[in-house]
Amino acid sequence: MSLIVTFAGCDSSQEPSTPTSAQPSSATPSAKEDEMMEARRMVSAENWQMAGNAAIKVLLRDPGNEEAILIAAESALRQNNNERAAELAASIAPNSPLAESGTDILAQALFQLGRASEAADTLLEGIEKRPKEWVWYHRAWGLLSRVGRREEASSIAEKLCLAGEATETELNSLIRRTQSFPTVVERESLLNRYFEPGLGMARWHFTQLEYRQALDELAPEFKSGFTSIAASALYGRLLAETQSHDKFPPWHATCDLSKIAKFGDYWAAVGTYFFDTRQFESSARALLNAVYLNPTDRSSMQRLAKVFDALGNPEQGQQYRVRGIDLAHCETTSDQLQQQNLTMQDHLQLRHRIMQQLLELERPFEVLGWAAHIHATGTVAKQREIARKREELRRTDGLLTLARDASLIGEKREDYELGDAYKELVAGQNQSQVSIGATEITPIAKPRLVNVAKDVNLDFQWYRSFELDDSPIPIHESIGGAIAVLDYDLDGWPDIYFAQGSGEPPSNQCTRSNVLVRNFDGSFADETDNSLTSDFNYGSGLAAGDVNQDGFPDLFVGSLGKNRLLINNGDGTYQETPVFGGVADRFTSSIGIADINGDNLPDLFEGIYIEMEGAFALPKIGANGVPEQPSPLEHYAQSDRWYVNRGDGQFTLQDLPREVARPGTSLGLVITNFDRKPGNEVFVGNDVRPNHFLIPQGNDQLANAADAQGIANGFEGAANGCMGIATGDFNRDGTFDMYITNFSEESANLYLQSEQGGFTDFAIRYKLDQPSLPMVGFGTKAVDFDRDGWLDFAVTNGHIFDMSQYGDLYQMPPQILMNHGTEFRQTEVDDPTAYFEGKYLGRSMATIDYDRDGVTDLLINHMDQPVALLHNETPTPGRALQIELIGTVGERDAIGAKVTARWQDQSKVAWVTAGDGYLCSDEPVLELTFGNVPELDQVDVQWPSGETQTFPGPIQPGRFLAIEGQPELFAR
């Protein structure tokens, strides 16, 4: 596809030559007529200076002579005197026989003056008077697209389509009616050939998901006044997309609702804003308005899926989700049609494909438009047949609005009220119910992390196969190995258990065992054989916890096949308990040990990635002979399962029924008390399928509330490639939040919980999209590195497949994202070992204070490098409290307990969790940081049993043990 950027911005074959005046008259000339004849002769000779001079002479004698005005205007235009040309052309009366030519000259002059939007308005006014002047439609479409007024351009293209006059380029532009056209440009240096500054370039950035750059383009207009309603509508949508909630009501106050309500961008902005503020019915009505006005608005379709999920109508939500996928397929074909150097056969195949896709989307007039171009060189009879069919459709009731009606998928807009939320917005009173951080802070120290793994004899290497190699990776080998941190011998020093691959699942014949290393005062030694914890299955998730409540941590060992439960004998050895005898093998991912059903006994939860059949096949080879990137969508998902602890060493298997939650592709896992109600919930992060949030219902039954809680899908409404999960209170409002890493070209998720309950993904608001988009994120942890009281993020990254031939990184750098209160910023790390200068295939990450210096360290596993132990040596005046908990009424590990540290008028909270994110089990110690305050006033513990204890201050920084029912903290 090539878009010839001339005055009209459309194909040059559609642009006639500049209109000229009438031909010479044969009447007997008078002096005035003689001058008029001279002007006409000079026009024919294209001597524009002489033509203009002659026309001026006529006008001196006859100022109202419109033919002379037209020649003078055209002459000025040809001589680049565009101001003069515009002034003259504008003086021709609208009802004049020469008004058509005057409109052409005026539009061209305005365009040459850099006033392309005014040129488009001139043509639109002309179209109102001459509704079948198709050349003006083509030119107006080109100009409107160039200046970014895409909804109006699409309206023009739609009229051309209905009349059978649309070019293939214009038909292609209807695939995405509010995004820039073209959507594909050969080189960024050519953008000014296609788009005007301001709204034109803002529309391009919007299409590329570069929302902040788009806002920058429109910022001057917001300050001085928008030059078009389209610019204002897009600006509001960009505010919603960047979650600039504080700026949204002030922008809305500037809107002329009688005009802007005709724009889909406006309603998409309002609907997105209402979804973020959890006004679901108002959001539904606004987004339904958006897709009715623009049936190609995929992001609004995806968000409608989330809205209907939240409204308790998941079946309807799924229909909008499917419609969004159909639109995405159509967009892909459109982009392919815009590529350079397509063969005729490729072009024909793509045309047929887009016809079929449009037919499924119930857009018959566009189908006929594409058919007409496919058969353009065919018989006259075929063209007549297409024209006849188009006319029949035009006369059929309801077909003119079929595309818009079909976009509602059976819903009626009037069934949903904009209600009080919209009234408050109009009045400038509607605000978010989630505290999103209003105060910017400056970290008080630069993080210093030093890789000391070799220094402390920690040399574990995970093997995805028998040996390290760089051959194509099957999907199971891309998962990586797990880490569990536990003090198995209760000597006060945290030990580590590593899962190993090194073979072909499912079997117990791998060439290398899992490994248990014991911590001897900050240095490690292999105790696998002595502890009887060897395991030659292909390892996956690991969990440490006190399953039998005897005070010694046990091990739940997952694999791609047979899982095992190893019970700690209390003498430094383990023995297997046959919990899983007769249980079918599964592709286990993350696992956890926690009380789920509320009986004070720890249960076992097992995430399942995909079905075992076909799970271990090598990647498919593409047509170009190159292995294709594996995807979980090529495999059947399988339901997660859990094991209810009966208290006598026996467990009852509970599969998660499909009617509770459609099988996902589980990777990340967190179990804790997410809300203020008693009892734990289970969050499962699924890879490219909606997440699950499982709430106990009694009688060992669970219900999935992910949709209602707003954590089934990300901000844009689509499922993400969820992997790692970090937890904590990120905005200091006292509620439990989650940070989730995703696949490349997907923003990470930052789910902040409101005080009223429910989550909103604020990753874009906190600018976490920028550092996360290029990365394939896996393990992540929330650690306050500078101890200023605000949690920061550590992320390990690495692709699942070598895509370097397409310009993507394979190995990727790790990241530290510091909390600045209103945003997170990637920061440099003081690292004398140069770990942060390298690139890795990072996978699992766990927290550990391996040397008992009172500072949290990081343990990171890779697919291509030995494990890294990052010693936290950040120089900071900040202080911290480390606290271990032992339950005596509820389960001993106290999963779900909430600890609150209080000082002066501030507080900091932390929760005891299981699952701990991605293939890991952290050291069971909470760290609460409180800046450079010397001591805490008190510490409160809300135990899973429902009891609350207060430990009065002053409490100095340090490590303590809290035992349920004991009146004081014990120094550790």
Side-chain angles (χ1 to χ4, degrees), residues 4-140 142-143 165:
I4 308 301
V5 183
T6 60
F7 150 65
C10 56
D11 294 344
S12 58
S13 60
Q14 298 159 356
E15 184 185 354
S17 59
T18 303
T20 58
S21 54
Q23 296 302 310
S25 170
S26 59
T28 303
S30 63
K32 182 178 69 174
E33 290 171 343
D34 187 51
E35 290 163 350
M36 196 69 237
M37 292 283 287
E38 176 66 12
R40 291 169 183 156
R41 280 194 297 269
M42 292 300 100
V43 168
S44 297
E46 296 189 358
N47 187 332
W48 298 107
Q49 183 175 356
M50 295 298 293
N53 291 340
I56 293 299
K57 291 179 181 179
V58 174
L59 290 174
L60 289 173
R61 298 176 183 272
D62 183 7
N65 189 314
E66 291 188 327
E67 184 182 0
I69 293 173
L70 187 66
I71 291 175
E74 185 176 356
S75 300
L77 180 70
R78 295 289 189 170
Q79 297 176 82
N80 295 319
N81 189 350
N82 296 305
E83 289 281 6
R84 179 64 173 161
E87 180 183 357
L88 288 164
S91 69
I92 296 176
N95 58 353
S96 167
L98 299 180
E100 177 182 342
S101 297
T103 296
D104 277 332
I105 292 174
L106 176 58
Q108 292 198 51
L110 291 171
F111 176 74
Q112 296 297 337
L113 287 166
R115 295 154 62 184
S117 193
E118 291 179 55
D121 287 333
T122 297
L123 292 171
L124 293 178
E125 291 172 7
I127 287 171
E128 289 184 7
K129 299 179 179 66
R130 288 178 169 78
K132 292 190 177 182
E133 196 65 44
W134 304 121
V135 170
W136 287 355
Y137 283 81
H138 296 307
R139 290 181 172 180
L143 286 169
E165 297 286 343

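All values below come from the heavy atoms of this structure, side chains included, with hydrogens, waters and symmetry mates left out. Note that this is a predicted model, so its numbers are computed, not measured.
With rounding to the nearest 0.5 Å, the separation of CG in Asp104 from CG in Leu98 is 12.0 Å. Rounded to the nearest 0.5 angstrom, Ser75 OG and Met50 CE are separated by 11.0 Å. Between atom CD of residue Gln108 and atom OG1 of residue Thr103 there is a gap of 11.5 Å, rounded to the nearest 0.5 Å. With values rounded to the nearest 0.5 angstrom, Leu110 atom CG is found 5.0 Å from Thr122 atom OG1. Of the inter-residue distances, the one linking Ile69 atom CD1 with Ile92 atom CD1 reads 6.0 Å to the nearest 0.5 angstrom. Note that CG of Leu70 is 10.5 Å distant from CD of Glu100, once rounded to the nearest 0.5 Å.
Under the salt bridge (Lys or Arg N to Asp or Glu O under 4.0 Å) criterion, Glu38 pairs with Arg41, not counting sequence neighbours. Arg115 meets the side chain to side chain donor-acceptor pair (under 3.5 Å) test with Glu118; sequence neighbours excluded. Judged as a salt bridge (Lys or Arg N to Asp or Glu O under 4.0 Å), and not counting sequence neighbours, Glu125 has no contacts. Annotation: side chain to side chain contact (heavy atoms under 4.5 Å, CB included) contacts of Asp62 (sequence neighbours excluded): Lys32, Asn65. Ala90 meets the side chain to side chain contact (heavy atoms under 4.5 Å, CB included) test with Leu106; sequence neighbours excluded. Listed by chain and residue number, Arg149 satisfy the side chain to side chain donor-acceptor pair (under 3.5 Å) test with Asp121 (two or more places apart in sequence, or in another chain).
Pairing each heavy atom of Glu35 with each of Ala54, the nearest pair is O-CB, 3.9 Å. Among all heavy-atom pairs drawn from Ala73 and Ala85, the shortest one is O-CB, 3.4 Å. When every heavy atom of Ala93 is checked against every heavy atom of Ala99, the shortest pair comes out as O-CB, 3.5 Å. Ala72 and Leu59 get closest at one heavy-atom pair: CB-CD1, 4.4 Å. Annotation for Ala140 and Leu123: closest pair N-CD1, 3.6 Å, computed over non-hydrogen atoms. Nearest heavy atom pair, residue Ala119 against residue Phe111, reads CB-N, 3.9 Å.
A salt bridge links Arg40 to Glu67: one of the charged nitrogens lies within less than 4.0 Å of a carboxylate oxygen.
A donor-acceptor pair is defined here as one N or O able to donate and one able to accept, closer than 3.5 Å; such a pair exists between the side chain of Tyr137 and the backbone of Pro131. In this structure, the side chain of Gln112 does not engage the main chain of Leu77 through any donor-acceptor pair within 3.5 Å.
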Please evaluate residues Met36 and Ile71 with respect to the criterion side chain to side chain contact (heavy atoms under 4.5 Å, CB included), reporting the C-alpha separation (whole Å), side-chain torsions for both, the decisive distance (0.1 Å), and the verdict.
CA-CA 10 Å; Met36 196 69 237; Ile71 291 175; 3.4 Å; yes
